[in-house]
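Worksheet for the structure shown next.
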Amino acid sequence: MFRLSNNLIGILNILTFLLSIPILWAGIWLSNKGVTECEKFLDKPVIILGVFLMIVSLAGLIGACCRISWLLWVYLVVMFLLIVLLFCFTIMAFVVTNKGAGEVLSGRGYKEYRLGDYSDWLQKRVNNTKNWNKIKSCLIDSKVCSSFHDKYLNDTVEQFYSEHLSSVQSGCCKPSNDCGFNYAGPTQWTKGNTSSTNPDCGAWGNDASTLCYNCQSCKAGLLDQLKSDWKKVAIVNIVFLIVLIIVYSIGCCAFRNSRRDNDYGKYPLAVTNRGSGQKSPGKAYKEYRMDDYSSWLRKRMNDEENWRKIKSCFVATNICSDFERRHVNAAAADKFSRERLSSVESGCCKPPDDCKFTYVPPTYWNKEKGNFTNADCRLWDNRPAILCYDCASCKAGLLDRINRQWKIDANLNAVVLLVLVIVFIVGCSSLSENRTKVHAYRTNRCPYPSSSKS
C-alpha cells in the first residue's frame with residue numbers, strides 16, 4: 001500500500017507544479033509584452049520563481065512517487081534552506097519596520113512623513129538613485145497621483161485639508177505642509193514666499209510627471225506603506241513558515257520510507273520497489289525468494305515461454321560454467337560460504353541452503369534423501385544444462401538483478417526529465433521572443449534598420 005507521507009508529498013507537489021505554470025507564463029509574458037520599466041523590472045524574478053517552483057516540485061513529486069532517495073534528499077535540502085530564508089526574512093521584516101510613523105498635523109485629516117524617522121536600512125534602499133528611478137517609474141505608471149487628482153478635484157481647500165490621504169498620496173502627490181504653498185487643486189499649488197529649509201519645497205513641480213516624486217516625503221510615504229505591507233506579509237509568512245515546517249516533516253517521513261523501502265523492499269509502489277536478498281547465517285552471499293518481488297515481475301518470470309528463452313540465454317552465455325571456474329579453488333564448503341556471489345549465481349548455479357546438500361565443487365552437490373519443503377531442492381540437478389535453472393530461486397536472482405538495474409535507470413531518467421523540462425522552458429521563452437520579433441518586423445516596427453541595395 002502507499003505510504004501516507006509519500007501520498008501527501010506527491011499531492012502537494014502536484015499542486016505546486018500546477019501553480020508554477022501560470023507564474024512562469026506570467027514572467028515570460030512580462031518579458032515579451034512589458035512596455036514600462038515597472039513591468040520589465042518584475043519579469044526576471046517572476047521567471048526565476050516559476051522555474052524554481054517547477055524544478056523543486058518535480059524533484060519532490062518524482063522522489064516521493066518513485067521512491068528515489070537522492071531526489072527527496074535534494075528536495076528536503078532546498079526546503080530546509082527555504083525555511084531558513086523565510087525565517088530570516090520574517091525576523092528582518094519586523095526589525096526594519098519597527099521604526100517610523102506619520103506625523104499628525106493640527107487641522108489636517110492626513111499625516112506627513114519624514115524620511116529620517118525610518119530605519120537606516122530602508123533609507124539606504126530608497127536613497128539609491130537606480131532603485132528610486134525604478135520605484136518612481138512604477139508610481140507614475142500606476143497613476144497614483146492621477147487618480148488622487150481626479151478623486152479630490154472638486155474639493156475646496158478646507159475639504160482637501162480634512163481628507164484622509166494614504167501615505168504615498170500625502171508624500172508624493174502634494175507639497176509638504178512646511179512649504180506654505182497656496183492650494184489651487186489637488187496637484188496644483190502656487191509657490192509663495194517661504195523661509196522653510198525643507199528641501200522638498202524646491203523639488204515640487206506642478207507637472208504630472210514631477211509633482212513631489214523626487215521629494216524626501218515621497219520616499220518616506222512609500223516606506224510607511226512598505227512598513228504596513230511588510231508587517232502583513234510577515235504575519236502571513238509566519239503561517240506559511242508553519243505550513244513549510246509541516247511539509248518538511250512529512251517530506252522527512254517520505255525520505256525515511258524511501259530509504260527503508262530501498263533497503264528492505266517491504267512496501268511496493270513501483271515494480272522494482274519490492275524484493276531484496278536474504279542473508280544466510282554464516283554466508284557471504286544472499287539467497288532469493290520469488291515471493292519477495294512484485295507480482296507483475298513474478299508473472300513475467302513464471303510465464304513458461306518467457307522463462308524458456310531466458311534459461312536458454314543463461315545456458316548459452318555459460319553463466320554457471322564461468323561461476324564454477326572462478327570459484328573452483330573454494331574446495332571446502334566453509335571457504336565457498338565466504339564467497340560473494342551475484343544474485344543470478346546464487347539463485348541459478350547452486351542449490352538453496354535449506355536443502356542441506358553436501359558441497360563437492362561449486363556446481364556439484366550430493367543430494368540427501370528426505371522430504372523437501374522447498375520445491376527447488378527437488379529441481380536441482382548436477383548436470384550443467386539443468387542445475388537450478390528451473391528453480392524459483394533462479395528466477396528470484398534474476399529479478400533482483402533487474403531491480404537494481406531498473407533503479408539505476410530510474411535515477412538517470414529523473415535527471416534527464418529535469419533537464420528536458422528546463423530545455424522546454426527555455427525553448428518556450430525563445431519561441432515567444434522570436435514570434436514577437438517576427439510580428440514587429442511584419443508590422444514595420446522592427447528596431448533594426450532595413451538593408452538597402454547598393
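Since we're looking at a predicted model, the values are computed, not measured.
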Task: Y161 and N177: side chain donor to acceptor below 3.5 Å - done: no
Task: Side-chain heavy atoms of V126 within contact of L226, under 4.5 Å - done: no
TODO: Check the surroundings of atom CH2 in W73: do more than 12 heavy atoms from other residues, nucleotides or ligands lie under 6.0 Å from it?
DONE: no
- [ ] Mind telling me whether Y183 and W189 have parallel, tilted or perpendicular rings, with 30° and 60° as the class edges?
- [x] perpendicular
Task: Spatial distance of atom CD1 (I48) from atom CD1 (I23) [nearest 0.5 Å] - done: 13.0 Å
Open item on the list: So, taking the atom named SG in C348 and the one named OH in Y288, what distance separates them when rounded to the nearest 0.5 Å?
Closed with: 11.0 Å
Task: D120 with K124: basic N within carboxylate O range, under 4.0 Å - done: no
- [ ] Hey, could you give me the CG/CD1 distance between L61 and I11, rounded to the nearest 0.5 Å?
- [x] 10.5 Å
Open item on the list: Is there a side-chain contact between L341 and K286 in this structure, where contact means two heavy atoms from C-beta onward sitting under 4.5 Å apart?
Closed with: no
- [ ] Measure the shortest side-chain to side-chain distance between E304 and R308 over non-hydrogen atoms and say whether it is less than 4.5 angstrom.
- [x] no
Task: Cationic N near anionic O, under 4.0 Å, E112 to K174 - done: yes
Task: Value rounded to 0.5 Å, distance of CG in D178 from OG1 in T197 - done: 7.5 Å
Open item on the list: Could you check whether the SG atoms of C173 and C212 sit less than 2.5 Å apart, since that is the cutoff I want to apply?
Closed with: no
TODO: State, with a plain yes or no, whether a side-chain heavy atom of N206 is found less than 4.5 Å away from one of W204.
DONE: yes
Open item on the list: I'd like to know whether NZ of K111 has more than 12 heavy-atom contacts from other residues, nucleotides or ligands below 6.0 angstrom.
Closed with: no
Open item on the list: Measuring only between side-chain heavy atoms, which start at C-beta, is P352 closer than 4.5 Å to E287?
Closed with: yes
TODO: For atom CZ of F87, decide whether the heavy atoms of other residues, nucleotides or ligands shown that lie under 6.0 angstrom number more than 12.
DONE: no
Task: Carboxylate-amine/guanidinium contact K395 D376, below 4.0 Å - done: no
Open item on the list: Can you confirm whether V56 sits close enough to T16 that some side-chain heavy atom of one is under 4.5 Å from a side-chain heavy atom of the other?
Closed with: no
TODO: Please examine the side chains of Y293 and I402, heavy atoms only from C-beta on, and report whether any two atoms are closer than 4.5 Å.
DONE: no
TODO: Spell out, with a plain yes or no, whether C172 and C145 have SG atoms under 2.5 Å apart.
DONE: no
Open item on the list: Please verify the inter-ring angle class for W230 with W121; under 30° counts as parallel, over 60° as perpendicular, anything in between as tilted.
Closed with: tilted
Task: Atom CZ of R114 with >12 non-hydrogen neighbours under 6.0 angstrom - done: yes
Open item on the list: Within the supplied structure, the quantity of interest is the number of heavy atoms (other residues, nucleotides, ligands) at a distance under 6.0 Å from F160 CZ; does it exceed 12?
Closed with: yes
Task: Heavy-atom side-chain contact between K227 and S167 under 4.5 Å - done: no
